[in-house]
Amino acid sequence: MNNEDYGYDYDYLFKIVLIGDSGVGKSNLLSRFTTNEFNIESKSTIGVEFATRTIEVEGKKIKAQIWDTAGQERYRAITSAYYRGAVGALIVYDISKSSTYENCNHWLTELRENADDNVAVGLIGNKSDLSHLRAVPTDEAKNFASESQLLFAETSALNSENVDQAFRELITAIYQMVSKHQVDMGDSNGNNNGANAPKGPTISLTPTPNEKKKSSSNNCC
Amino acid sequence: MNSLYTLVSVPLLSETQSQSEESHHEHNSHKLKTTLFNPLKHIMTNDKNNKRIRKLTPNETHSHPLLISPDSNSDDPSIEIGMNINDTLEIIDLDLSRLIISPIFQDPFVHGLMRKILFNYLLISNKDNNADDILKQTYYYRQGFHEILAVIFLQFYHRDTTITEEQIKFILFIFIKLMDPLRLTFYQESQLLTWQQSYFIRILKLCDLDLYKILYGDTSMNNHNLIWLIRWTRLLFLRELPMEDCLVIWDHILTFSYSMDVMVACLVISILVVVKKDLTKIDKDEQMDNDDIIEYLLQFDKRGSKLNVLQVCQLSGLLCEAWESGHWKELNKIVLNHIRNNNIDPNRKRLEDKLRKRVQKIIE
């Protein structure tokens, strides 16, 4: 994991938000992915937590800036700030607690209302280590994800199962969407019919570091 | 002590303990006998013989109609969202099982006491609620209450002695005294927004224009600072500073010489003044932006910056004094003085500290 930490040296910065009910393991997914840590006794998230990790996707260095919010809260006035600029989201539920899965619909609605239309979304069934207590069938969640056009994975932050893959899959999907968008934008100067071009507003990617305050130089390698 | 509240026991709602709850507690390494009734579990149990895949959207409603009045606009931040007793106790149990500030909170007996105090606090703060039946009331528990209570509880808890009913009542009394103004300002989103506009931004601007520009230079991003301010204010710095420092700060707050609104705003500003160099560095770094400032402030505890908490309290006291007495022009002078006094030559500071210690020894 360390050899992938490029600090400020990155090509893209993706903001990803973690949402879902309280106690489903969002904070541990975050710590597992960003620092490879799991706290069996993790504190309740108050407000928002934040961590980053840089990974390489298709030869590009992508810094994932992951925001983790308290499950109990619906920050109605602050929601726009939380979702602003997010290009990816993971809706997390606990496979052993059906109510957390039922609520995914609400989270998806809130996300659709507040985030960019093009935001890439993944549905994560966490705590897969508790399969003996499973309350949400994998197939049902998979179907729901497929119907709603969400990526899907079952993960265990506890034993690290699938966590890295789930985040990577989402980041890769975002990257592909972005590259495609850039290609489409390039083509649209020519004769692109735009059939597959993303609908709605352009994905708002935070510029690469050197573009942030001065767009004079290019950080891309 | 006699005037303290009479404690009400937490009602036993059902002997059923759902599998999901068991699994939850298993995950939190805390096996507690919860006695919650989970309507979802109930529905699923009844549906056990039905082998078909359960639909995501069930026929029964799973949101609580009393959560928000049907006529109300759920997007209105001035509406405090409440929960029924089942959900309230469930989230309290979840939060208490994740209290890691001391191992004593893993003790089921302590867990039970904490649960009882929190429930009684919610009942007392529901005094305007018309529903007499505690099972039918709407409760306004928020994550964070439990951590504030835990710190107060720890001050009274001694492993070798049994905690008495009177002590529990006294803990509840202190908790109410601290929570009432805290909850009113920082746990209601609309109030938090008002506090930011009416106190925090105004005092910050008068204290230190540079800091104001760093945090609020881009006016379209005003609410972005609430992302870190939520935790700073709701937990009164518990996640940002060591507990011993928080206790010093809480001591100052509990004296209530100044209103909670002003005191907390001045405390936050005082801490920002202390780390102004860091914030300025981030602001000037062309590779960083507002998110990096938020990241810095959200991960304040990881910076390892040793704050002199007494100096922070002293500075915030002076700021409160100047603000409340209407000497607004003084605010900037106080901050500048503080910065100047703390930017003295380290050798001189070391000498001064040495002398101070020597004098203290002589006095003792």
Side-chain angles (χ1 to χ4, degrees), chain A residues 8 13 15 22-23 25 39-52 65 67 70-78 80-82 84-85 94 96-106 127 129-130 132-137 139-141 143-144 158 206 209-210 212-214 219, chain B residues 18-24 26-30 38 40-41 44 53-58 62-63 74-77 81 91 94-95 97-101 106 141-144 146-147 189-190 192-193 221 223-224 226-232 234-235 239 286-289 291 294-295 298-299:
Chain A
Y8 298 127
L13 178 64
K15 177 178 171 180
S22 195
N39 299 312
I40 194 90
E41 294 168 327
S42 66
K43 297 173 190 170
S44 305
T45 304
I46 307 295
V48 179
E49 298 288 345
F50 180 99
T52 59
Q65 188 185 67
W67 298 64
Q72 191 204 13
E73 300 286 351
R74 302 287 194 280
Y75 301 110
R76 285 157 293 178
I78 308 163
S80 58
Y82 179 64
R84 182 188 157 273
D94 173 354
S96 68
K97 198 173 180 192
S98 54
S99 59
T100 64
Y101 172 62
E102 310 280 354
N103 285 335
C104 287
N105 245 345
H106 301 299
K127 305 194 185 180
D129 50 287
L130 295 178
H132 56 299
L133 299 171
R134 177 182 290 280
V136 182
D139 285 345
E140 184 189 334
N143 286 343
F144 170 64
L158 176 74
T206 312
N210 293 344
K212 272 186 185 173
K213 291 185 178 174
K214 286 183 180 175
N219 192 48
Chain B
S18 71
Q19 249 187 3
S20 59
E21 282 152 11
E22 279 170 18
S23 70
H24 162 71
E26 188 171 318
H27 232 277
N28 288 288
S29 100
H30 191 193
N38 183 342
L40 274 162
K41 170 70 185 167
M44 287 177 65
I53 292 173
R54 185 170 44 83
K55 294 284 180 214
L56 181 77
T57 310
H62 296 306
S63 60
S74 62
D75 288 334
D76 182 351
I81 298 174
I91 195 90
L94 172 64
D95 282 344
S97 71
R98 296 194 288 185
L99 255 181
I100 55 168
I101 56 170
Q106 301 306 310
Y141 173 76
R142 286 284 170 275
Q143 290 185 305
H146 67 302
E147 283 194 41
E189 198 181 13
S190 61
L192 185 67
L193 288 162
M221 311 258 278
N223 286 347
H224 279 230
L226 286 178
I227 287 172
W228 59 273
L229 277 170
I230 287 176
R231 200 184 63 205
W232 281 50
R234 287 188 179 180
L235 293 184
R239 296 271 178 98
E286 290 181 349
Q287 298 199 349
M288 292 180 156
D289 68 1
D291 281 348
I294 293 175
E295 183 175 3
L298 276 177
Q299 300 184 347

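Chain letters run A, B, ... following the sequence lines, proteins first and then strands; every chain starts at 1. Keep in mind it's a predicted model, so treat the numbers as computed, not measured.
Contact between A:Ser44 and B:Asp95 at its shortest, heavy atoms only, is OG-OD1, 2.7 Å. Nearest heavy atom pair, residue A:Glu49 against residue B:Leu298, reads C-CD1, 4.4 Å. The two residues A:Thr45 and B:Arg239 make their nearest non-hydrogen contact at CA-NH1, 4.4 Å. Residue B:Ile230 comes nearest to A:Gly47 through the heavy atom pair CG2-CA, 3.8 Å, listed as atom of the first residue, atom of the second, then distance. Between B:Asp291 and A:Gln65, the closest heavy-atom pair is OD2-OE1, 3.4 Å.
Neither the backbone nor the side chain of B:Ile101 comes within contact range of chain A; no heavy atoms are under 4.5 Å apart. Residue contact with chain A, scored on non-hydrogen atoms closer than 4.5 Å, involves the backbone and the side chain of B:Ile227 alike.
Proximity of a side-chain donor or acceptor of B:Glu295 to a complementary backbone N or O of A:Ala51 within less than 3.5 Å is not detected.
The structure places OG1 of A:Thr52 at 7.5 Å from CD of B:Gln299, a figure rounded to the nearest 0.5 Å. A distance of 9.0 Å separates CD1 of A:Ile46 from CZ of B:Arg231, quoted to the nearest 0.5 Å.
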* Does the side chain to side chain contact (heavy atoms under 4.5 Å, CB included) test come out yes or no for A:Arg84 and B:His224, once each step is laid out? -> CA-CA 10 Å; A:Arg84 182 188 157 273; B:His224 279 230; 3.5 Å; yes
* Worked check of side chain to side chain contact (heavy atoms under 4.5 Å, CB included) between A:Trp67 and B:Ile294 -> CA-CA 11 Å; A:Trp67 298 64; B:Ile294 293 175; 4.1 Å; yes
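Comment: A:Lys43 does not engage B:Glu147 in a salt bridge, judged by the lack of any side-chain N to carboxylate O separation of less than 4.0 angstrom.
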